[in-house]
Amino acid sequence: MTRLAGWGGVPAVDARERVGESLAEVCRPASLTRGLGRSYGDASLPPHAGAIVASTRLGDRVLAFDRAAGVLRAEAGFRLSQLEELTRPAGWVSPVVPGTRHVTLGGMVASDIHGKNHHVAGCFGAHVRGLRLQVADGRELETGPDREPELFAATLGGMGLTGHILEVEVALLAIARPWLVIEVEPAPDLAALVARLRAASRAWPYTVAWADALSRGARLGRGIVIKGRWAEPGEAPATSPIHSRVDSRLAVPFNLPSWVLAPASVRIFDELFYRAHCWSAGRRVVHPDRFFHALDSIRDWNRLYGARGFVQHQSVLPVEAGDAHIVRYFETITRHAGASFLTVVKDCGAEGRGLLSFPRPGVSVALDLPMRGAATQALVDALNRHVIETGGRIYLAKDALTRREDFVAMEPRLAAFDAVRRAWDPERRLRSALSVRLLGDPG
Amino acid sequence: MKIAFLGATRGMGRSLARLCAKRGDAVALLGRDPDALARSARDLEVLGAGAVAPVPCDLAAPTGFGPALDAAADALGGLDAVVLSAADFARPAELDADPARAVRLATLNFTHSIAFLEAARVRLLARGGGTLCVFSSVAGDRARKATGIYGSTKAGLSHYAEAVDLRDRPRGLRVVLVKPGFVRTGMTADLPVPPFAGEPEAVARRVLTAIDRGWPVVYAPPIWRVVMLVIRALPRFVMRRVEF
C-alpha cells in the first residue's frame, strides 16, 4: 500500500500502485491510471482505499518523432520536461503547455490541459492525432478524430475514466527561436485587468494575468497582465540553456507551519509581487521556462501550505455573463478571506471537442486555497453558486471540494459523457475518487 | 562509444542506455522480450543514438551469450563497453515457498551473470580492452535478514568484478562495479520505500560518469557509500537485533 494524494495534498488514499515498463500489463487490473500526480485534488486517486492504480512513471518511451513534420508519438508516461528537452533543439514545442513541466502526455490528454495560448491554440486535445487506449474490457484500440470519434472526444478531458491511455500522438508547434519575448503591464483594478487581458489576447498568442485577490474597494482585483510570444530570429539566439541549469535550484525541504500562509502574510506577498512586477514592466526576452513554468523553479512548492495541504478552485465565467459577475466573484473571495497565494486570471477561447473539457469562452479564475476545513468548503460552495448562476464550469483537474449536485447543475454535457461510458464500460470498472464524488460511481 | 547492454529495456539499465543514446552513442540492446526490445530500440533511436541494434539474448540461456555479443559487435562495428544490469529478483517469502525459485535466482544472478561477463571480458580483451560495467547491489555488502539469497549472489558478483579488475586492468580492461541502494524501478515497485531511495535517472547519470572516468566502484545514490560504511561496521549482535 502506498499513501497517494494529488498535488494539493488533500484528500489522501491508501492504494496499491502498480509500476512497470509495460503499460498494457500494468494497467490491466487497475481501476485508474495515474501519472505524476500533479492534478490537485482527487482526480488521480483510486475510488477507494486498497484499489489498484496503474502508474505510468516507467512507461515513458518515445515511439516516433518526425523532425520534418513535427509529429511526436510516445507512451503515456512520457513527460513534458522530456518532450521539451527532445524537441526544442529541433525547433518544435508542445502546442499547449500547462504551468508545470512535471506532467505526462497521458495526463495532458486526460485533463485536456489548456495554456496561456488557449485563445489561439485551444486545448491540448485539439492537437492530438491519435491515442492508443486500453478500454475497460482489456481490449487495446487506436482512437483519434476519425477513429472511434465519440470515445476519443470523451477521453479528452475525461479524467482517465474512458480507458487507460497507453500512447499519445501529438502535432507540435514550430518555433524560430527557443526564447520568449514578454511584456508586463500593471492594472490598477479588476475592470482594467480584464480589459487589458482581452486586448492583449487579440495581439499576443500567450497571455495571463495575476490578480491580487485580497485588496478591497477601488483596488479590488488589481494585478498585472503578462503577454508573450516566441522570439523571431533577430531577437534571440538559436539555442537555449538546458533545463537542469535553470531548474529546481530552490526546494521547500519540509511542510511549513500553517501560519506561514496566513492571510496577513499572503497580503504581504501579494503587495511585494505586485510592486516587483510594476518595477519591471516593459518588454524583454526570457527563457521559456521562466514564462511557462515559473513555479517549477521552487521544487515541492506545495509544501508551502503545510501538512493540511491546499485545494485549487478554477472556474470559467462565460463572456455572456458580463464583467459585473467577475467583480462579484472577487468580492466573494475577499469576503471569505480566502487568502489565495496566487490568483491567476485567463481569457479563454472557444470550446474544444473534449466532452468534459474545461475551457469555454469567458474569463477563467484559478485560486490556491489553503485547506481550512469547513471554511474552505463554504468558500468553494459560494464560488460554485456563481459558476452555476452564470452558466460557467469548474476545472476537474483542480477540484477536490465541489459537491455532486453542484457539478450536475453546472454540467449539461454529463449525459453525453455517461452514454460513452455506458457503451465502453457498462460495469464502471474504471473509476476514481473524483468519479465517485462527482459522477455517482460506486465507491 | 559503442556499448552493449544486457537488461536495458528496464530499470536502471534502461535509464543508462537512454543517457548514452542522448549523447549519440551506438547502442546494442540485448534482451529476451522482442516487443520490449523493439520499443526500447525505437526510443533510443529517437533520443539520438548513433546506431541501435536489438539482439535476442536471455540471461537464462548462457549458450547464447557469446553469439549475442558477437552479433552486437558486428552490428556496431566493435564494442568499447559492455553493461550487465539484468538480474532476477524475488521477495524472501516467494523464495521460502519455492526452492526451485531460489535456485533460479541464484543461478541467474551469479552463475549466468558471470558466464555473461566472462564472454564479454574475453571479447573486450581480444580487441585491446574496454569497460565492463557490472550492476551489483549494496545488498552484497553486508548480510541482512531480508535478502539472504539475492544479497549473497550480489556479494559473489562484487567479488568477481573486483578480481577481474585486479587481474585485467593492466591489459586495458576497466571494471566499473555499480552498487545501487534502493532505487525506484519496476523491480522494487512492490516494496516499501526506505529512506535514501534513488530514482533510476539520477543513478544512471552517476554510473555514466563512472564509466567515462573509470571509477572502479560507484555507489548510487552516493549517500549509500556512507550508509554501508556504517552498516558494514556493525557487530553481528547488533545486526541480529536491528530490523534493517
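Throughout, protein chains are lettered first and strands after them, A, B, ... in sequence-line order, and every chain is numbered starting at 1. The basis for the numbers below is simple: all heavy atoms, side chains too, and nothing from hydrogens, waters or symmetry mates.
With values rounded to the nearest 0.5 angstrom, A:Asp60 atom CG is found 8.0 Å from B:Ser15 atom OG. Within the model, atoms OG of A:Ser22 and CZ of B:Arg10 stand 8.0 Å from one another, a figure rounded to the nearest 0.5 Å. Put simply, CG on B:Asp43 and CZ on A:Phe78 are 7.5 Å apart, with the number rounded to the nearest 0.5 Å.
With sequence neighbours excluded, the residues that form a side-chain hydrogen bond (donor to acceptor under 3.5 Å, both in side chains) with B:Ser40 are A:Arg61. Every residue was checked against the side-chain hydrogen bond (donor to acceptor under 3.5 Å, both in side chains) condition with A:Glu21, not counting sequence neighbours, and none meets it.
By the 6.0 Å contact criterion, CZ on B:Arg23 is enclosed, its count of non-hydrogen atoms from other residues, nucleotides or ligands being greater than 12. In A:Arg28, the CZ atom is crowded: over 12 heavy atoms of neighbouring residues, nucleotides or ligands sit closer than 6.0 Å. The neighbour count for A:Glu25 CD, taken as heavy atoms of other residues, nucleotides or ligands under 6.0 Å away, does not exceed 12.
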message: Pair A:Arg57, B:Glu199 - check side-chain contact (heavy atoms from CB on, under 4.5 Å), show working.
response: CA-CA 11 Å; A:Arg57 195 154 54 78; B:Glu199 292 294 332; 3.9 Å; yes
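Proximity to chain A (any heavy atom under 4.5 Å) is shown, for B:Arg184, by both the backbone and the side chain. With a 4.5 Å cut-off on non-hydrogen atoms, A:Ala74 does not touch chain B at all. Contacts between A:Arg16 and chain B at a heavy-atom distance below 4.5 Å are absent for every atom of the residue.
Comment: A:Glu167 engages B:Arg39 in a salt bridge, judged by a side-chain N to carboxylate O separation of less than 4.0 angstrom. By the 4.0 Å N-to-carboxylate-O rule, B:Glu201 lies close enough to A:Arg79 to be salt-bridged with it.
With contacts defined as side-chain heavy-atom distances shorter than 4.5 Å, the pair A:Leu86/B:Leu47 qualifies.
Counting heavy-atom pairs closer than 4.5 Å to chain A, the top-ranked of the candidates B:Arg42, B:Met187, B:Glu45 is B:Arg42.
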